[in-house]
Amino acid sequence: MVHDHDDYVEAVLALVEQVPPGRVTTYGAIADVLGVGGPRQVGAVMRTHGAAVPWWRVVRADGTLPPSHDEEAVGAYRFEGTPLLVRPSGGFRIDLRQAGWWDWVSGAGLPAPTSVDS
DNA sequence: ACATTGACGGGCC
DNA sequence: TGGCCCGCCAATG
């Protein structure tokens, strides 16, 4: 049960740890699974406790990179073979269509964000 | 109690 | 695709 602050933090980190290499999830998806709070709360947790988990596997809903440390994140993506979409503008973003992960062990049931489809 | 802020999201143009 | 605006939710000053 996610009642107090500490439990919430642990719940978030636990979900992030389940995301396998080469795949990513979003702040919103995590908030969705937890059923409480919102994407911003998840972001707040990652800001302070993200270092303890593979934070680069948590991106924004549009596939853009998590703020800061994008250099490190890119290295990790190349190493893990995370599907990326290169943009003419020079940057890139995660290809959520392929790398998206919302299939938590039996967190079950909670539907994937509709924004993820084609 | 009110205003501001943020590792966010979605609708619109 | 990209930028802008508004809604969200909790923490802070």
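Please read all numbers here as calculations on a predicted model, not as lab measurements. Note on naming: letters A, B, ... go to the chains in the order of the sequence lines (proteins, then strands), and numbering restarts at 1 for each one. Quick note: numbers below take in every heavy atom, side chains included, and nothing from hydrogens, waters or symmetry partners.
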>> In the structure I gave you, are the side-chain heavy atoms of A/Trp56 and A/Val19 within less than 4.5 Å of one another anywhere?
In response: no
>> Counting only side-chain heavy atoms from C-beta out, which of B/dG10, B/dA7, C/dG2 sits nearest to A/Ala61?
In response: B/dG10
> For C/dC8, what is the paired nucleotide under Watson-Crick or G-U wobble rules, both distances under 3.5 Å?
Replying inline: none
>> Please name the nucleotide paired to C/dT1 by Watson-Crick or G-U wobble geometry with both distances under 3.5 Å, or report none.
In response: none
Tell me: [atom1] of [X] to [atom2] of [N], nearest whole Å?
| X | N | atom1 | atom2 | value |
| --- | --- | --- | --- | --- |
| A/Ile30 | C/dC8 | CD1 | P | 22 Å |
| A/Gln41 | C/dA11 | CD | C1' | 8 Å |
| A/Arg47 | B/dC8 | CZ | C1' | 13 Å |
| A/Arg40 | C/dC8 | CZ | P | 12 Å |
| A/Met46 | C/dA11 | CE | P | 18 Å |
| A/Leu96 | B/dG10 | CG | P | 11 Å |
| A/Asp62 | B/dA7 | CG | P | 15 Å |
| A/Ile94 | B/dA7 | CD1 | P | 19 Å |

>> Taking 4.0 Å as the cut-off, does a side-chain nitrogen or oxygen of A/Arg60 come that near to OP1 or OP2 on B/dG10?
In response: no
>> Tell me the closest heavy-atom pair linking A/Thr82 and A/Ala99, and the distance in Å.
In response: CG2-CB, 4.0 Å
> Should A/Arg57 and A/Glu80 count as an ion pair when the cut-off is N to O under 4.0 Å?
Replying inline: yes
> Any side-chain donor-acceptor pair under 3.5 Å between A/Trp101 and A/Gln18?
Replying inline: no
